Protein chains: 2
Amino acid sequence: MVAGHRRQHWVDSGAVTAPDITAAPGARERQRRETRNGILNAALAVFAERGFDGARVRDIAAQAGVNHGLIKYYFQNKEQLWKAAVDFLFERLHQQMTEPEEDRCKPRAERVRLWIKRYVRYCAQHPEHARIMVQESIRDSQRLQWAADKHIRGSHQRLLESLPVTLDLRRFPAIDTTTLIYMMNAATQAPFTLAAEIRHLYGRDVNAAQFVDNYADGIFDLFIRPYLAQAREAED
Amino acid sequence: MVAGHRRQHWVDSGAVTAPDITAAPGARERQRRETRNGILNAALAVFAERGFDGARVRDIAAQAGVNHGLIKYYFQNKEQLWKAAVDFLFERLHQQMTEPEEDRCKPRAERVRLWIKRYVRYCAQHPEHARIMVQESIRDSQRLQWAADKHIRGSHQRLLESLPVTLDLRRFPAIDTTTLIYMMNAATQAPFTLAAEIRHLYGRDVNAAQFVDNYADGIFDLFIRPYLAQAREAED
DNA sequence: CAATAAATTATCCATATGGTTAATCAAAAC
DNA sequence: GTTTTGATTAACCATATGGATAATTTATTG
């Protein structure tokens, strides 16, 4: 991505300054942000693919097209890089999940449908998210605790608030709300996390727009529709 | 586990043979099997915790209480060890999931309930399974292809045959059977895969017998009950 | 332009890693 | 008992790894 941005300046010594195209004011900060984000994206990909211990700092740098020394320069070390990448991850999730203004006034069932659709799309676009979280969650590691405290707790709360339906669960007496969140989360992420397996075994592309939207409907039917029906009954 | 099995023979040179306790006929083969299984169990734990690349052969050996050279002796290399471990994993799954003779004559709904319960228990006892599969499934690696062809395909088929109910899915028109398997699988494994996170955030022990059995009921309510109801209607 | 500060690279280092080998030790065969 | 075969260990090796440092290049400022 940043590769190839190294050009010659003042090629001809006789010419005047002849500034680089990138030398526009603020070029530096822009470049800096680009490099940093490039590293973060590469980090997410490699951490998701190999796990924290398996991920090689050199691979992350290579995938970002920069020298691996830069990672120390920007993030001190591998651990800090991981944390920065996870911050980046949840920031993006939060952005993509906030309900657009124009949806607020729609009927409730429709709002829930759209909410689910947004989340399914996020899962399809960013399977690294689920993968990184699963990888850390095997043992109560420092990293897991950090992520749970800084991001997951709040994320769950926000979910319960932003999901425009109350899950009071009379229909599924065996399951409490917390557990249901984990079920729904896992079910939603499943085909995208296992995309390679599904492609290999069944020849299907779960990232096709048709599958994604269809799947959102499936999640809605399975997890939400019963509650809406129940809520309607309660109103009678 | 195998540690400390090194004892002195012929302690007193004057005494007769004085054979080791373990020197019963077949002691060798038994020991061999024990060592091999010890390594496999350790391998599953470490591969699940760190992923293939992050797992250290030395750690696996240490956790099994043997010298790391033994891993070459038994399994040639890390890759072969991984495959042997996955064979071991699916063998165990298959054993634990076969329906006991005495269940065959029970009413269908009850058979399904028991089937689910067995699977939920398996997931609770062996969270490594889901974890190892998720870790491999990010890219269409050699290992994933191998596991998919050798184990997963058959496992899915067996599931569809052994699950004593036909999922013809009129109730969830958006989801096909294949996708439903992935949803159900993921939902079933979810709390046990994320056990550490749940313990940290909500202070709950998902391995408590009560939670496990309760969760099985939840899965049944969510995924199966609708189909049974529908099947009953169809019979009318 | 020159001086300065920031970004980036090339290189180095201690350590850890997967894998290999030659010994050592215990069980089985004689 | 002694020999032979198999199981186990200790020591070794080439390489890769995370991290650190010094040099180099690029942008900004005056």
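Quantities reported herein were computed from a predicted structural model and do not represent experimental measurements. Chain naming here is simple, since letters A, B, ... match the order of the sequence lines and numbering starts at 1 in each.
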What's the [atom1]-[atom2] distance between [X] and [N], to the nearest Å?
{"X": "B/N77", "N": "C/dT21", "atom1": "CG", "atom2": "P", "answer": "14 Å"}
{"X": "A/E34", "N": "D/dT26", "atom1": "CD", "atom2": "P", "answer": "16 Å"}
{"X": "B/R33", "N": "D/dA7", "atom1": "CZ", "atom2": "P", "answer": "13 Å"}
{"X": "A/R32", "N": "C/dA5", "atom1": "CZ", "atom2": "C1'", "answer": "12 Å"}
{"X": "A/L70", "N": "C/dA7", "atom1": "CG", "atom2": "C1'", "answer": "7 Å"}
{"X": "A/K72", "N": "D/dA22", "atom1": "NZ", "atom2": "P", "answer": "12 Å"}
{"X": "A/Q80", "N": "D/dG19", "atom1": "CD", "atom2": "C1'", "answer": "14 Å"}
{"X": "B/I71", "N": "D/dT8", "atom1": "CD1", "atom2": "C1'", "answer": "13 Å"}

Are A/T35 and C/dA7 close enough that a side-chain N or O sits under 4.0 Å from OP1 or OP2? no
Residue [X], side-chain heavy atoms: nucleotide from [options] that is nearest:
{"X": "A/Y74", "options": "C/dT8, D/dG19, D/dT9", "answer": "C/dT8"}
{"X": "B/Y73", "options": "D/dT9, D/dT8, C/dA7", "answer": "D/dT8"}
{"X": "A/N67", "options": "C/dT21, D/dT9, C/dT9", "answer": "C/dT9"}

Can you measure from CG (B/D59) to CD (B/E49) and round to the nearest 0.5 angstrom? 8.5 Å
Shortest non-hydrogen separation from A/V120 to A/V212 and the atoms involved: CG1-O, 3.6 Å
Shortest non-hydrogen contact from A/P191 toward A/V206: O-CG2, 3.6 Å
Anything under 3.5 Å between a protein N or O and an N or O of nucleotides 12-14 of chain D, put it in a table, one pair a line.
none

Between B/V134 and A/R131, is the side chain to side chain contact (heavy atoms under 4.5 Å, CB included) condition met? List the steps. CA-CA 7 Å; B/V134 167; A/R131 207 175 296 271; 4.3 Å; yes
Please tell me whether A/H151 and A/D87 have a donor and an acceptor in their side chains that are separated by less than 3.5 angstrom. yes
Among residues two or more places apart or on two chains, list those pairs meeting side-chain hydrogen bond (donor to acceptor under 3.5 Å, both in side chains) that have a residue in residues 71-86 of chain A. none
Of B/K78 and B/E29, whose nearest nucleotide on DNA chain C comes first from the 5' end? B/K78
Do any of residues 46-57 of chain A sit with a heavy atom less than 4.0 Å from DNA chain D, and if so which? A/A55, A/R56, A/V57
Could you check whether any side-chain N or O of A/T179 sits under 3.5 Å from a backbone N or O of A/I175, counting only pairs where one atom can act as donor and the other as acceptor? no
Touch class at under 4.0 angstrom, heavy-atom based, for B/F75 against every strand present: nothing
Evaluate A/Y182 against B/F192 for side chain to side chain contact (heavy atoms under 4.5 Å, CB included), listing each step before the verdict. CA-CA 10 Å; A/Y182 281 96; B/F192 310 107; over 6 Å; no
Dump the intermediate steps for side chain to side chain contact (heavy atoms under 4.5 Å, CB included) on B/F52 and B/Q135, then the final yes or no. CA-CA 8 Å; B/F52 182 84; B/Q135 267 155 355; over 6 Å; no
